[in-house]
Amino acid sequence: MPTTPDAVRQRAAAADNRRRRQARPASRQWRRRGLMTAYIVFVLLPIYWLLNMSFQSNTEILGGLTLWPENFTLEHYAKIFTEPSWYMGYVNSITYVLMNMLISIAVALPAAYAFSRYQFIGDKHLFFWLLTNLMAPPAVFLLPYFQLYYTVGLFDTHIAVALAHCLFNIPLAVWILEGFMSGVPKEIDETAFIDGYSFPKFFVKIFIPMISSGIGVTLFFLFMFSWVELLLASTLTSTGAQPIASVMTQTKGASGIDWGTLAAAGTLTILPGIVVVYFVRNHIAKGFALGRT
């Protein structure tokens, strides 16, 4: 190996370049990890703070800023699980959300199949009209729904809220499912009919399993809208079917707002969403990659 000054300088420069090339990807990786960590902390901080407040007394919450409960208490959760006005709010919300999901998916599946497989007069106009329902705020339909349900005796019932949410959830479900169904070749339908399958048997045993990811994505969005929607749910109910979101707005008493109970109720409100995401997580991942969403 040459030992002249020029050769030594060249080898040193080459070694320095190799070290820089090796260090550059490592620095980028650490930068990405740092940004990801900062993002996760930013997203999870409000949830942690909500959980932290749910284990504190109201005096401690209003007394100052603490990163963890100094006097750990479960009194707020005990209040929610023992008082009917609180735990029935969760029961009512889950009841009408499940009813809405079943009604919406049962109506949207055949409707989306028709839009994806057949052409008829006004099909595009009808499809666009369905989507326009998503553009209107729920407050527009509040008074007609209230007067209609009060007249026919559906006011303060679970089915009233479930049917009201169908006005927005069915168009959303049709729009998502139509994108998935259009990606399934029509030759599969024809082959199944040639093999002797009736339409109901083909639709249930062959077609629906092929779009299971789309159904999972659709159910996720149906749940999200019905679970967080407050205006229609609180206006169309009073006591018998009052949702938890409406109950949470009534925590103010003579002594002020019960912050601890409100935080505990908010923590419990997040749990159903976590459960739904857990069961449909694989479908959601495939759905965002393959479907219209």
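A quick note: this is a predicted structure, and the numbers were derived from the prediction, not measured. Heavy-atom basis, side chains included; hydrogens, waters and symmetry copies ignored. Positions are given from 1, in the same order as the sequence printed here.
Counting only distance, with no hydrogens or angles, the side chain of S93 and the backbone of I244 share a donor-acceptor pair below 3.5 Å. Under the 3.5 Å distance criterion, the side-chain polar atoms of N169 are left unmatched by any main-chain donor or acceptor of S104.
Minimum heavy-atom separation, I170 to A108: O-CB, 4.3 Å. Between V140 and P144, the closest heavy-atom pair is O-CD, 3.9 Å. Heavy-atom minimum distance, G240 versus D156: N-OD2, 2.9 Å.
More than 12 heavy atoms of other shown residues, nucleotides or ligands fall within 6.0 angstrom of atom CG in L271. Annotation: W129, atom CH2; neighbour count of heavy atoms from other residues, nucleotides and ligands within 6.0 Å does not exceed 12. Sparse packing is recorded around OH of Y39, with 12 or fewer heavy atoms of other residues, nucleotides or ligands lying under 6.0 Å away. Counted within 6.0 Å of CD on Q147, heavy atoms from surrounding residues, nucleotides or ligands total 12 or fewer; the atom is thus considered open. The number of heavy-atom neighbours closer than 6.0 Å to CE of M99, taken from other residues, nucleotides and ligands shown, is above 12.
Considering only heavy atoms from C-beta on, L172 comes within 4.5 Å of W175 through its side chain. Between F115 and L126, the closest side-chain pair of non-hydrogen atoms falls below 4.5 Å. Between L262 and D258, every side-chain heavy-atom pair lies at or beyond the 4.5 Å cut-off.
Not counting sequence neighbours, the partners of P185 by the side chain to side chain contact (heavy atoms under 4.5 Å, CB included) test are E187, I188. D189 is linked by a side-chain hydrogen bond (donor to acceptor under 3.5 Å, both in side chains) to Y113, R117, counting only residues two or more places apart in sequence or in another chain. Among residues two or more places apart in sequence or in another chain, the ring pair (Phe, Tyr, Trp, His ring centres under 6.0 Å) test is passed with F72 by F55. A search for side chain to side chain contact (heavy atoms under 4.5 Å, CB included) contacts involving D195 returns T191, Y197, not counting sequence neighbours. Legend: residues meeting ring pair (Phe, Tyr, Trp, His ring centres under 6.0 Å) with H165, ordered by chain and number and at least two apart, are Y96, F225. Among residues two or more places apart in sequence or in another chain, the side chain to side chain contact (heavy atoms under 4.5 Å, CB included) test is passed with L154 by Y149, V152, T157, I159, A160. Partners of S246 under the side-chain hydrogen bond (donor to acceptor under 3.5 Å, both in side chains) rule, at least two apart in sequence or in another chain, are Q242. When the side chain to side chain contact (heavy atoms under 4.5 Å, CB included) test is applied to I40, the partners found at least two apart in sequence or on another chain are M36, L44. In this structure W227 satisfies the ring pair (Phe, Tyr, Trp, His ring centres under 6.0 Å) test together with F223, sequence neighbours excluded. Take F202 and apply the ring pair (Phe, Tyr, Trp, His ring centres under 6.0 Å) test, not counting sequence neighbours, and it matches F193, F207.
Listed by first and then second residue, the side-chain hydrogen bond (donor to acceptor under 3.5 Å, both in side chains) pairs involving residues 60-71 are Q56-T66 (not counting sequence neighbours).
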>> Applying side chain to side chain donor-acceptor pair (under 3.5 Å) to N100 and S226, what does each step give before you reach the verdict?
In response: CA-CA 8 Å; N100 173 261; S226 289; 3.0 Å; yes

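Residue M88 shares its hydrophobic cluster (ILVMFWY side chains chained together at separations under 4.5 Å) with Y87, V91.
L51 CG to T267 OG1: the interatomic distance, rounded to the nearest 0.5 Å, is 5.0 Å.
Put simply, V107 and I208 are part of the same group of oily side chains (I, L, V, M, F, W, Y) that touch within less than 4.5 Å, one to the next.
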